[in-house]
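Worksheet: the structure to be examined is printed underneath.
For ligands, and for the atoms within them, numbers begin at 1 and follow the listed sequence. Reckoned from all heavy atoms, side chains included, excluding hydrogens, waters and symmetry mates.
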Amino acid sequence: MNSNEQGYRRVVVKLGTSVLTSGSKSLDKAHMVELARQMAALMKSGVEVVLVTSGAIAAGREHLGYPVLPDTMANKQLLAAVGQSQLILAWSQLFSIYGLHVGQLLLTRADLHDRERYLNARDTLNALLAQGIIPIINENDAVATTEIKVGDNDNLSARAALLCDADLLMLLTDQKGLFDADPRKEPNARLIPEVQHIDDSLRLLAGGSVSGLGTGGMATKLEAADIARRAGIEVIIASGHHSEVIQKAASREAVGTRFLAIESPLESRKQWILAGPKAKGRLYLDAGAVAAVTSRGRSLLAKGIVSVEGEFERGDTLELLSPEGRVVARGIARYQARALSAIAGKHSDDIEPLLGYDYGDAAVHRNDMVVLAGGER
Ligand SMILES: Nc1ncnc2c1ncn2[C@@H]1O[C@H](COP(=O)(O)OP(=O)(O)O)[C@@H](O)[C@H]1O
Ligand SMILES: N[C@@H](CCC(=O)OP(=O)(O)O)C(=O)O
């Protein structure tokens, strides 16, 4: 792999619907060609580019002449099926102006969590990049149901960045970056140029999408940034309409909001816990257990669990919540839901007498846990 003077080898560029439509109801091809030009220039400077593109549903609506359809899952999938082919056709034509080929990968959550499918996707990405072809990724909306969806392309792009071992993730949107309040609601909101830690106070600033174009707003961009930077990947949120934004971000010029990667990235197992399967259950902890887990880096002992939600087995991913309902960690269950429900609220150190067996006193071991609030472990 090559790298540019700034040291980036591989960059994932995520373009939101808001950028691709420029706030309108149709794809803004004039702007897409400008973005293709910037990405092609980056490729020519020796940096590999992976594009995560939204816009399939918007393109489907446009192509079919804005049909009035009942708001069902099947109709959204219809729009995505029609629109995705238009979208990839547009990108293929636009990149061909710059002498570049593209290859399409449509992914779902299942492709990223099944080890074999994950490795297949990674091999395909690497094979495309080795030939100088731009991989273009979107969620496979036409077949993905809510259960198997990542759900938004911010989170999808973070997972793509992990998958291809990128060193920079650019989330390009319709705002100049992350502001201290949603600029659509608060005209005096100020841009935050650099973020060193993602904590609850920052999460509170990031609202949803109010334009009706995008999915998730800044909240999902912050989730994506959290996943990527914990894996050692820098993240930039910036405006897709800022002049030469892609070059500037890749040259470390001040643009948008830059999230520094954490210095000692999570090992790959913990990255998987963070970005991996949807949580199958939730454990509500007492205040003492929250402090032990978040501030002291301890395992979650069964006696700190107040209540249990969901049907899960040993080995499934869980969310750990504070008494106020804040998610403070994610981790792997050492006991199935039925067992933890039997233990919850008993404040007992001894599991054996309650269950007739035990796998140790940790319900979630610290080696199987990523702390989300109150620390960066
Ligand atoms: N703190 C914030 N700073 C900037 N934008 C914010 C903030 N909170 C919410 N937003 C909203 O997030 C939107 C961008 O997200 P979204 O609509 O999902 O776009 P995209 O299609 O690019 O993913 C902005 O238009 C803005 O209204
Ligand atoms: N996969 C969907 C986009 C989902 C999404 O997250 O959109 P956005 O918030 O605009 O990046 C599509 O192609 O229409």
Side-chain angles (χ1 to χ4, degrees), residues 12-28 31 35 51-63 73 75-88 90-91 104-109 136-144 146 149-160 169-193 195 198 201-225 236-242 245 256-257 259:
V12 173
V13 179
K14 183 261 169 174
L15 301 172
T17 311
S18 67
V19 177
L20 298 174
T21 59
S22 302
S24 73
K25 278 167 48 181
S26 53
L27 292 181
D28 180 354
H31 190 56
L35 292 163
L51 171 58
V52 176
T53 181
S54 301
I57 294 179
R61 280 213 177 87
E62 177 187 357
H63 192 68
M73 180 82 176
N75 283 332
K76 278 205 192 102
Q77 293 186 309
L78 170 162
L79 293 172
V82 172
Q84 182 60 36
S85 46
Q86 296 304 311
L87 185 64
I88 199 70
W91 281 125
Q104 171 174 261
L105 274 87
L106 298 178
L107 301 174
T108 62
R109 193 180 264 269
I136 301 190
I137 300 176
N138 195 359
E139 182 130 43
N140 198 349
D141 294 313
V143 299
T146 319
K149 271 186 110 155
V150 175
D152 67 86
N153 276 3
D154 300 319
N155 272 286
L156 181 70
S157 67
R159 285 155 172 92
L169 168 63
M170 292 185 205
L171 299 169
L172 301 186
T173 183
D174 59 356
Q175 300 292 340
K176 285 185 180 149
L178 174 68
F179 285 71
D180 58 6
D182 184 345
R184 285 180 191 270
K185 296 181 185 155
E186 182 48 74
N188 297 325
R190 280 170 310 175
L191 179 73
I192 302 172
V195 173
I198 297 181
S201 60
L202 199 71
R203 287 190 187 95
L204 281 176
L205 307 178
S209 177
V210 288
S211 63
L213 293 170
T215 307
M218 276 298 148
T220 49
K221 288 179 206 359
L222 217 53
E223 287 169 11
I236 286 173
I237 300 179
S239 165
H241 282 85
H242 188 104
V245 61
T257 305
F259 296 76

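- Counting only heavy atoms from C-beta outward, the side chains of Met218 and Thr173 approach each other to under 4.5 Å.
- Only the backbone of Ala181 comes within 4.0 Å of ligand 1, judged by heavy-atom distances.
- Numbered from 1 in the order shown, with element, the atoms of ligand 1 that lie under 4.0 Å from a heavy atom of Thr215 read 18 (O).
- Near Gly177, meaning under 4.0 Å from one of its heavy atoms, ligand 1 places the atoms 3 (N), 4 (C).
- Residue Leu205 has at least one nitrogen or oxygen atom sitting less than 3.5 Å from a nitrogen or oxygen atom of ligand 1, judged on distance alone.
- Inter-residue side-chain proximity for Leu171 and Ser157 is flagged as met; some heavy-atom pair is nearer than 4.5 Å.
- Remark: distances from the non-hydrogen atoms of Ala219 to ligand 1 are all 4.0 Å or more.
- Heavy atoms of Asp174 come nearer than 4.0 angstrom to ligand 1 in at least one pair.
- Val12 has its side chain out of reach of Ile137: every pair of non-hydrogen atoms, C-beta onward, lies at least 4.5 Å apart.
- The pair Arg184-Asp174 meets the salt-bridge criterion, with a side-chain N (NZ, NE, NH1 or NH2) lying under 4.0 Å from an Asp/Glu carboxylate O.
- Counting only heavy atoms of the protein, atom 3 (N) of ligand 1 lies nearest to Phe179 N, 3.0 Å.
- In terms of protein heavy-atom proximity, atom 2 (C) of ligand 1 is nearest to Met218 CG, 3.4 Å.
- Of the listed options Asp182, Leu213, Ile237, Asp182 places a heavy atom closest to atom 27 (O) of ligand 1.
- With sequence neighbours left out, the salt bridge (charged side-chain N to carboxylate O under 4.0 Å, His left out) criterion links Lys149 to Asp141.
- Residues satisfying the side-chain hydrogen bond (donor to acceptor under 3.5 Å, both in side chains) test with Gln104, not counting sequence neighbours, are Gln84.
- In terms of heavy atoms, Val13 sits closest to Leu172 at CG1-CD1, 4.0 Å.
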Name the atoms and distances for all side-chain donor-acceptor pairs under 3.5 Å in residues 206-215, with sequence neighbours left out.
unit_1, atom_1, unit_2, atom_2, d
Ser209, OG, Gly214, O, 3.3
Ser211, OG, Leu213, N, 3.2

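- Checking side-chain atoms of Asp180 against main-chain N and O of Arg190 turns up a donor-acceptor pair under 3.5 Å.
- The shortest heavy-atom distance from Gly208 to ligand 1 is under 4.0 Å.
- The Gly16 neighbourhood of ligand 1 comprises atoms 20 (P), 21 (O), 22 (O), with distances under 4.0 Å to a heavy atom of that residue.
- The backbone N or O of His31 lies less than 3.5 Å from no partner atom in the side chain of His241, so there is not a single donor-acceptor pair.
- Taking any N or O of Leu178, backbone or side chain, none lies under 3.5 Å from an N or O belonging to ligand 1.
- Between Asp180 and ligand 1, a contact under 3.5 Å exists for no N or O pair.
- The side chain of Lys14, and not its backbone, has at least one atom closer than 4.0 Å to an atom of ligand 1 (non-hydrogen atoms only; side chain from C-beta on).
- Within 6.0 Å of NE2 in His242 there are more than 12 heavy atoms belonging to other residues, nucleotides or ligands.
- For the side-chain hydrogen bond (donor to acceptor under 3.5 Å, both in side chains) with Asn153, the qualifying choice from Thr53, Thr17, Asn138 is Asn138, the only one to do so.
- Considering only heavy atoms from C-beta on, Asp182 stays 4.5 Å or farther from Glu186 through its side chain.
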Are there any protein N or O atoms under 3.5 Å from the N or O atoms of ligand 2? List them with distances, or say none.
unit_1, atom_1, unit_2, atom_2, d
ligand 2, 1 (N), Asn138, OD1, 3.0
ligand 2, 1 (N), Asp141, OD2, 2.6
ligand 2, 6 (O), Asn153, N, 2.7
ligand 2, 7 (O), Ser54, OG, 3.4
ligand 2, 9 (O), Thr215, N, 2.7
ligand 2, 9 (O), Thr215, O, 3.1
ligand 2, 10 (O), Thr17, N, 2.8
ligand 2, 10 (O), Thr17, OG1, 2.6
ligand 2, 11 (O), Lys14, NZ, 2.6
ligand 2, 11 (O), Ser54, OG, 2.6
ligand 2, 13 (O), Gly55, N, 3.2
ligand 2, 13 (O), Ala56, N, 2.9
ligand 2, 13 (O), Asn138, ND2, 2.8
ligand 2, 14 (O), Ala56, N, 3.2
ligand 2, 14 (O), Ile57, N, 3.0

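- Checking side-chain atoms of Ser22 against main-chain N and O of Ser24 turns up no donor-acceptor pair under 3.5 Å.
- At the shortest separation from atom 8 (N) of ligand 1 among protein heavy atoms lies Gly207 N, 2.9 Å.
- Looking at Val19 and Leu35, their side chains come closer than 4.5 Å, going by heavy atoms from C-beta outward.
- For atom 18 (O) of ligand 1, the nearest non-hydrogen atom of the protein is Gly217 N, 2.9 Å.
- Numbered from 1 in the order shown, with element, the atoms of ligand 1 that lie under 4.0 Å from a heavy atom of Gly214 read 16 (P), 17 (O), 18 (O), 21 (O).
- Counting heavy atoms closer than 4.0 Å to ligand 1, residue Thr220 contributes nothing at all.
- For Thr173, heavy-atom contacts with ligand 1 shorter than 4.0 Å involve the backbone as well as the side chain.
- Between Asp154 and ligand 1, no pair of N/O atoms sits closer than 3.5 Å.
- Within a 6.0 Å sphere centred on CZ of Arg61, heavy atoms belonging to other residues, nucleotides or ligands number 12 at most.
- Side chain of Glu62 to main chain of Lys25: no donor-acceptor pair is present (N/O by atom type, distance under 3.5 Å, no hydrogens or angles).
- At the shortest separation from atom 23 (O) of ligand 1 among protein heavy atoms lies Lys221 NZ, 2.7 Å.
- Among protein heavy atoms, the minimum distance from atom 17 (O) of ligand 1 is reached at Ser209 OG, 2.6 Å.
- At the shortest separation from atom 20 (P) of ligand 1 among protein heavy atoms lies Ser18 OG, 3.5 Å.
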